[in-house]
Peer 1: 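My questions all concern the structure below.
Along the sequence shown, the residues carry numbers beginning at 1.
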Amino acid sequence: MNSSELLQKKFPYLNANFFIIRYGIYALVLCGLARYFYRSSLAQDQSGDPESTLQRERTATWGAFLFAFALTFSSIDWMMTLDPEWYSTIFGVNYFAGGAVAAHAFMILSIMTLQSRGLLKHVTGEHFHDLAKLMFGFTCFWAYTAFSQYFLIWYANIPEETAWVLLRGGGKITNEWTIVFWILLVGHFIVPFLFLLWRANKRSFTTLGIAASLLLVMHCLDMFWVIRPGVYALVPVKGEIIPGKLGFSWVDITGLIGPVCLFLGFLAWKVGSNPLIPLRDPRLPEALHHKNYV
């Protein structure tokens with residue numbers, strides 16, 4: 001099957017109208033779930049009703065499936081379709097794993113920042129230890145899914161699949177993206193894996209902050225590695241398309257800084273307008289006195 005025939009068969013899914021509809025569904029699911037849990041927790045701060053905790057747990061059982069659906073298909077729509085001929089059955093899982101690593105790294109750094117300003121003092125080394133274990137676990141999971149995707153593509157040796165890897169420098173044919181490929185291998189897995197194996201590093205603010213900062217940077221680099229080669233390969237440079245060209249422009253910086261600044265501004269607004277902990281959750285005392293034994 002040639003390229004035009006393959007794209008024609010995918011047209012019922014890959015068309016502008018259906019793309020916009022799916023975008024609306026993802027936004028509705030993700031924003032709806034976030035708003036529900038946030039408002040329910042605030043309402044419990046006022047009422048003290050323990051049933052609110054149980055209701056959120058019941059909602060989370062089916063909400064997790066909706067979240068997984070929205071996250072998986074949004075990653076396919078916004079990143080995987082940059083190369084519409086390529087396909088991978090594990091791409092959504094790999095994106096989830098990387099996102100989970102970044103989320104825990106950002107949470108650790110956010111709490112440390114708030115504590116430096118005299119807030120969240122009740123968050124102890126025990127809680128940081130738990131967050132570090134989760135970050136470590138999802139780092140291993142990201143490496144597993146990334147390797148599985150790479151290995152299966154390379155083993156099958158199907159041109160529609162291997163072209164995606166070759167463009168990003170992950171094969172015998174090297175290009176300008178090869179160095180990024182190896183940086184991700186070392187910086188996103190090998191270094192944090194060895195670093196976070198030690199219990200002491202999970203409980204030290206300094207070492208844990210370094211690990212979280214590294215993983216957050218590596219996640220941004222991972223997204224750049226996934227997205228940028230496909231975009232650059234479609235843009236003529238001096239009248240010529242150069243596959244495998246690293247490429248870099250001011251859009252790459254502003255495209256990251258813009259959404260990050262909007263998010264941080266919204267986060268700062270919420271942090272300053274509401275309590276940082278669920279004040280009347282019945283399980284709060286138990287959570288505050290949590291202790292790790294391993």
Side-chain angles (χ1 to χ4, degrees), residues 26 29-30 33-34 37 60-61 63-76 78-80 88-113 123-152 170 180-227 256 259-260 263 267 287 290 292-294:
Y26 305 149
V29 169
L30 296 176
L33 287 173
F37 286 110
T61 56
F65 288 98
L66 290 179
F67 176 80
F69 160 81
L71 195 71
T72 299
F73 281 90
S74 62
S75 69
I76 291 172
W78 298 335
M79 291 184 287
M80 190 172 171
S88 168
T89 56
I90 205 172
F91 185 82
V93 181
N94 180 247
Y95 176 74
F96 162 78
V101 173
H104 285 94
F106 180 78
M107 191 182 304
I108 289 169
L109 294 174
S110 298
I111 295 173
M112 289 181 175
T113 301
V123 177
T124 66
E126 304 296 337
H127 302 102
F128 279 114
H129 190 177
D130 268 349
L131 289 173
K133 287 190 289 185
L134 286 168
M135 187 171 68
F136 174 75
F138 279 112
T139 298
C140 296
F141 185 51
W142 174 88
Y144 167 74
T145 56
F147 173 76
S148 297
Q149 179 174 267
Y150 175 81
F151 179 76
L152 292 175
V180 182
F181 176 87
W182 287 104
I183 289 174
L184 284 172
L185 174 62
V186 175
H188 205 314
F189 174 59
I190 295 178
V191 170
F193 174 81
L194 296 175
F195 193 75
L196 290 172
L197 271 177
W198 301 97
R199 188 176 192 270
N201 288 340
K202 297 188 185 79
R203 300 177 67 85
S204 166
F205 281 25
T206 301
T207 55
L208 183 56
I210 292 172
S213 300
L214 172 65
L215 284 170
L216 201 56
V217 171
M218 286 297 107
H219 177 69
C220 293
L221 184 63
D222 183 31
M223 293 296 95
F224 185 73
W225 181 77
V226 169
I227 297 169
L256 174 65
V260 168
F263 171 75
L267 178 63
H290 167 69
N292 283 278
Y293 295 96
V294 292

Peer 1: With heavy-atom distances below 4.5 Å as the criterion, would you say the side chains of M135 and M107 are in contact?
Peer 2: no

Peer 1: Quick one: list whatever passes side chain to side chain donor-acceptor pair (under 3.5 Å) with S148, sequence neighbours left out.
Peer 2: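 S148: no side chain to side chain donor-acceptor pair (under 3.5 Å) contacts found.
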
Peer 1: Show the numbers, then the answer: is there a side-chain contact (heavy atoms from CB on, under 4.5 Å) between L208 and H129?
Peer 2: CA-CA 9 Å; L208 183 56; H129 190 177; over 6 Å; no

Peer 1: Kindly compute the distance separating OG (S74) from CZ (F69), expressed to the nearest 0.5 Å.
Peer 2: 9.0 Å

Peer 1: Kindly give the heavy-atom pair with the smallest separation between G63 and L33, and that separation in Å.
Peer 2: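 Minimum heavy-atom contact is O-CD1, 3.5 Å.
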
Peer 1: Which pairs count as side-chain hydrogen bond (donor to acceptor under 3.5 Å, both in side chains) when at least one residue sits in residues 91-102, sequence neighbours excluded?
Peer 2: N94-T145

Peer 1: Between NZ of K133 and CZ of R199, what distance do you get to the nearest 0.5 Å?
Peer 2: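 Answer rounded to 0.5 Å: 8.0 Å.
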
Peer 1: Holding to side chain to side chain donor-acceptor pair (under 3.5 Å), I want the full list of residues that pass it with T124, two or more places apart in sequence or in another chain.
Peer 2: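 Applying side chain to side chain donor-acceptor pair (under 3.5 Å) to T124 gives H127.
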
Peer 1: Could you check whether the rings of F151 and F147 sit parallel, tilted or perpendicular, using 30° and 60° as the cut-offs?
Peer 2: parallel

Peer 1: Return the minimal non-hydrogen interatomic distance between L194 and W198, and the atom names on each side.
Peer 2: O-CD1, 3.4 Å

Peer 1: So for atom CH2, which belongs to W182, do other residues, nucleotides or ligands contribute more than 12 heavy atoms lying within a distance under 6.0 Å?
Peer 2: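 Incorrect, the count does not exceed 12.
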
Peer 1: Mind telling me whether F181 and W225 have parallel, tilted or perpendicular rings, with 30° and 60° as the class edges?
Peer 2: tilted

Peer 1: Report yes if the side chains of F136 and N201 come closer than 4.5 Å at any heavy-atom pair, otherwise no.
Peer 2: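 No, their side chains stay 4.5 Å or more apart.
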
Peer 1: For C140 and F193, work out which heavy atoms get closest and say how close.
Peer 2: SG-CD1, 3.6 Å

Peer 1: Under 6.0 Å from the CZ atom of F195, do we count more than 12 heavy atoms belonging to anything else shown?
Peer 2: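 Counting neighbours around CZ of F195, more than 12 heavy atoms of other residues, nucleotides or ligands fall under 6.0 Å, so yes.
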
Peer 1: When rounded to the nearest 0.5 angstrom, what distance separates CD1 in I210 from CG in L214?
Peer 2: 9.5 Å

Peer 1: Please name the pair of heavy atoms, one in F189 and one in A143, separated by the smallest distance, quoted to 0.1 Å.
Peer 2: CD1-CB, 3.3 Å

Peer 1: How close do G187 and L215 get, counting heavy atoms only, and between which atoms?
Peer 2: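 What the structure gives for the nearest pair is O-CD2, 4.5 Å.
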
Peer 1: The test is side chain to side chain donor-acceptor pair (under 3.5 Å); show your working for D222 and H188 and say whether it passes.
Peer 2: CA-CA 8 Å; D222 183 31; H188 205 314; 4.7 Å; no

Peer 1: Between N292 and K202, does the side chain to side chain donor-acceptor pair (under 3.5 Å) criterion hold? Intermediate values first, please.
Peer 2: CA-CA 11 Å; N292 283 278; K202 297 188 185 79; over 6 Å; no

Peer 1: List in chain and number order the residues that pass ring pair (Phe, Tyr, Trp, His ring centres under 6.0 Å) with F205, two or more places apart in sequence or in another chain; answer none if no residue qualifies.
Peer 2: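 With sequence neighbours excluded, F205 shows a ring pair (Phe, Tyr, Trp, His ring centres under 6.0 Å) to F128, given in chain and number order.
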
Peer 1: Got a sec, which residues hit side chain to side chain donor-acceptor pair (under 3.5 Å) with Y26, two or more places apart in sequence or on another chain?
Peer 2: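 With neighbours one apart ignored, the set is D77.
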
Peer 1: For the OG1 atom of T206 and the CE atom of M112, what is their distance to the nearest 0.5 Å?
Peer 2: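 It comes to 8.0 Å.
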
Peer 1: If you compare all heavy atoms of G92 against all heavy atoms of S75, which two are closest, and at what distance to 0.1 Å?
Peer 2: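 In this case the closest contact between G92 and S75 is CA-OG, 3.7 Å.
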
Peer 1: Hey, can you tell me if F138 and F141 have their rings parallel, tilted or perpendicular (30° and 60° cut-offs)?
Peer 2: perpendicular

Peer 1: Could you check whether any side-chain heavy atom of I90 comes within less than 4.5 Å of a side-chain heavy atom of L152, counting everything from C-beta outward?
Peer 2: no

Peer 1: Go through the steps for T72 and I76 under the test side-chain contact (heavy atoms from CB on, under 4.5 Å), then give the verdict.
Peer 2: CA-CA 6 Å; T72 299; I76 291 172; 4.2 Å; yes

Peer 1: For H219, check side chain to side chain donor-acceptor pair (under 3.5 Å) against everything at least two apart and list the hits.
Peer 2: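 H219 satisfies side chain to side chain donor-acceptor pair (under 3.5 Å) with no other residue.
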
